[in-house]
Number of protein chains: 2
Amino acid sequence: MTSTPFPADKPNRPERRGRRGAGGITLRDVAKLAGVAPITASRALNKPDAVSPEVLRKVREAVERTGYVPNMLAGGLASSKSRLVAAVVPTIAGPVFQETVQSLTEALAEHGYQLMLGQSGYQNSREDALLETIIGRRPDGVVLTGIMRSADGRRRLLASGIPVVETWDLTPTPIDMLVGFSHEQIGAAVAEFLQGKGRRRVGSIHGNDERAVRRHRAFSESARRLGICAQDQDMAPHAVVAAPTTLGSGRTALRELLERHPDTDAVFCSSDVLALGVLTEAQAIGIKVPQQLAVIGFGDFTYARDLHPALTTVRIDGTGIGRKAAQFIIERAGGRPVADPIHDIGFTIIERDSA
Amino acid sequence: MTSTPFPADKPNRPERRGRRGAGGITLRDVAKLAGVAPITASRALNKPDAVSPEVLRKVREAVERTGYVPNMLAGGLASSKSRLVAAVVPTIAGPVFQETVQSLTEALAEHGYQLMLGQSGYQNSREDALLETIIGRRPDGVVLTGIMRSADGRRRLLASGIPVVETWDLTPTPIDMLVGFSHEQIGAAVAEFLQGKGRRRVGSIHGNDERAVRRHRAFSESARRLGICAQDQDMAPHAVVAAPTTLGSGRTALRELLERHPDTDAVFCSSDVLALGVLTEAQAIGIKVPQQLAVIGFGDFTYARDLHPALTTVRIDGTGIGRKAAQFIIERAGGRPVADPIHDIGFTIIERDSA
DNA sequence: CTGAAAGCGCTAACAT
DNA sequence: ATGTTAGCGCTTTCAG
């Protein structure tokens, strides 16, 4: 880039009357410099195959010279394609949705889309306000981590006509598209797994968020059916902690659980953080894992494999969820109807040392 | 909302000729329904004080009836205010920047701004491509986690005229504004802290990312000056692991470090994850913490206080960083020049049991 | 393959 | 307090 720098002279355009606009370099400037019409410059940038090589070269050079960066607000307005995708997560803290958000960002970026992040908080109160601002941006898609329960929210999203992907859950009645897995199946599978390991007095520790509760319920039912837990209550022994879960709440919860049910020989934790707390507490009070107590977590957070003992846990392919969600949205944006808009991504019980 | 639903009849507008636009409800529709000019409806929504109560009522009712959601693409284009702020993080995985991103999102949302998330990866390669798409959105601000090192990136950002806040570091020459702390000061402070605790053979384990390396260097220098580490090398004993750090790499690194320097009595870890690995490994091989080995981490991740033993660590007020960055940008957006655009947020050594 | 015209939906500027 | 006009910077439509 040795040629003369651009704003050497910025010649006569229709005399910017008011002081509107940011006054930056526009496609017009590029076009003028390249000696073509603005629309041709636009084509050169967006559909390089549709213009002559000569024009392409000149436009590219003009872009170089000027340092032009297309204004996507204007482009989006004109084309009704914002190339923006909104993601709503309860919270970005906590490792649960990280993989999903990360792979979503990457997969979208590869196709020229960008991610707008919204946090709904664990209460649904903010979800509605968030929806308003999201729809206002006219994104080409919305990815919801967790399904949308508010009827009003569903209605507005539907009315907006924006492609929606709900994730991290399975529901027979998604708003639009869905990439998830069954919390009920997981609960049941874990109970069976523990039975297979010879455990006979199982319990659970879980956060009070909706999905964790549903895993627990299914776990509890299966455990009772299989006869591997105390039968004197209507649920398997359990302790509930506030979401978001922490190592500390796991420690406390284990003490609590053991106080009420000292013969517990296995715990299903609704997150690996909780499980780490259980492991920590067990070590502190001298309970051997897995000999005296089997521990199984949920999430397969990065540290799970490296713990001592290595944590047995339920793995969800968060990356796969993000990738599939991106694929759904990109397909839709391309005008193609999505063949099978409900995708069960499944889960895996990763057997390590703790259970 | 019992009145007749809106698109009862959508009367004569200038005969939408082509099939452009998304065909949704626009401000014009609302204005027509309220019996006012579009600009008046616009005012009613954006500056409620500037219109008569009567008009305000009618417009609001029309919005209700129609379910109108303003198109911020159009609004942003017209006003050169996108109400969008871009945040660039190396990665969203890993707990380091979470607090910052979270508080940033919240603080911005309170003022009607939204966050666009970009991941640069730990290599700077993608940072430049990212910059292009970011500037294209004409955000009202950019928050960089970590300072921008690429000269070209700095230039483009500067040229764009977008307010920029660099964070998580201190540099005498920020692009624009800065909210950070000194990695050098931290390294030195930790060395002094360990000296005060009577440690005489300190070492460090750190990831190979730039900031961690700088903390280590300062730590190392101070340690040598204070005479609390092996003096036969030009650096204090240390082990380097690949970023992002994991519990597993912490375990490995401790073994490595002790092999080469069996008399090490304190380790400074460049992250709490690493420290957790060190704790885990120490327990696994029967080393007593803190009696035989003091461990100090960095980050004060949520679980640090609940570990066994509770982890001594360096705390950075990530929430404060996010809040301050948001404040900087919002002030700028309001046209006010920011008084002191370089803000040192400091750090705290949180003394717990591990050191 | 290239271009002129006409907006996308909104708001700044200037009336009134 | 309200309205008129003229764009913001881009792309669609429709002609060459």
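Keep in mind that this is a model prediction, so the values were computed, not measured. Proteins get letters first, then strands, A, B, ... in listed order; numbering begins at 1 in each.
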Both B:Ser52 and A:Asn71 contact DNA chain D. Which one's nearest nucleotide lies toward the 5' end?
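Looking at DNA chain D, the more 5' nearest nucleotide goes with B:Ser52.
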Over how many whole Å does the gap from [X] atom [atom1] to [N] atom [atom2] extend?
X        : N      : atom1 : atom2 : result
B:Arg57  : D:dA1  : CZ    : P     : 18 Å
A:Leu56  : C:dT2  : CG    : C1'   : 14 Å
B:Ile39  : D:dG7  : CD1   : C1'   : 12 Å
B:Ile25  : C:dG9  : CD1   : P     : 12 Å
A:Asp49  : C:dC1  : CG    : C1'   : 13 Å
B:Arg137 : D:dG9  : CZ    : C1'   : 15 Å
A:Arg28  : C:dG3  : CZ    : P     : 15 Å
B:Arg83  : C:dC10 : CZ    : P     : 16 Å

Of all of residues 40-47 of chain A, which get a heavy atom below 4.0 angstrom from DNA chain C, listed by number?
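Here the set is A:Thr40, A:Arg43.
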Contact class for A:Pro38 vs. all strands (heavy atom < 4.0 Å): base, sugar-phosphate, or nothing?
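No contact.
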Please examine the side chains of B:Thr26 and B:Asn71, heavy atoms only from C-beta on, and report whether any two atoms are closer than 4.5 Å.
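Result no, sub-4.5 Å side-chain heavy-atom pair not found.
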Minimum-distance nucleotide (side-chain atoms of [X] versus [options]):
X       : options               : answer
A:Thr26 : D:dT12, C:dG9, D:dC10 : D:dC10
A:Val51 : C:dT2, C:dC10, D:dC10 : C:dT2
B:Ala74 : C:dC10, C:dC1, C:dC8  : C:dC10
A:Leu77 : D:dC8, C:dG3, D:dG9   : D:dG9
B:Tyr68 : C:dC10, D:dT4, C:dT2  : C:dC10

For [X], which residues count as a side chain to side chain donor-acceptor pair (under 3.5 Å) partner, sequence neighbours excluded?
X        : result
A:Arg155 : A:Asp152
B:Gln102 : A:Thr91, A:Gln119, B:Glu106
B:Ser52  : none

When the side chains of residues 321-333 of chain A are checked against the rest of the protein, which donor-acceptor pairs come out under 3.5 Å, sequence neighbours left out?
residue: A:Gln327; atom: NE2; partner: A:Glu331; partner atom: OE2; Å: 2.9
residue: A:Arg332; atom: NH1; partner: A:Asp176; partner atom: OD1; Å: 3.4
residue: A:Arg332; atom: NH1; partner: A:Asp176; partner atom: OD2; Å: 3.0
residue: A:Arg332; atom: NH2; partner: A:Asp176; partner atom: OD1; Å: 2.9

What pairs with B:Glu54 under salt bridge (charged side-chain N to carboxylate O under 4.0 Å, His left out), at least two apart in sequence or on another chain?
B:Arg57
Using a cut-off of strictly less than 4.0 Å, decide whether A:Ser79 has a side-chain nitrogen or oxygen near OP1 or OP2 of C:dC8.
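For A:Ser79, the contact criterion (side-chain N or O under 4.0 Å from OP1 or OP2 of C:dC8) is not met.
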Would the distance check show the side chain of B:Ser42 and the main-chain N or O of B:Pro38 forming a donor-acceptor pair, the cut-off being under 3.5 Å?
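No, the answer is negative, given that no donor and acceptor are paired below the 3.5 Å cut-off.
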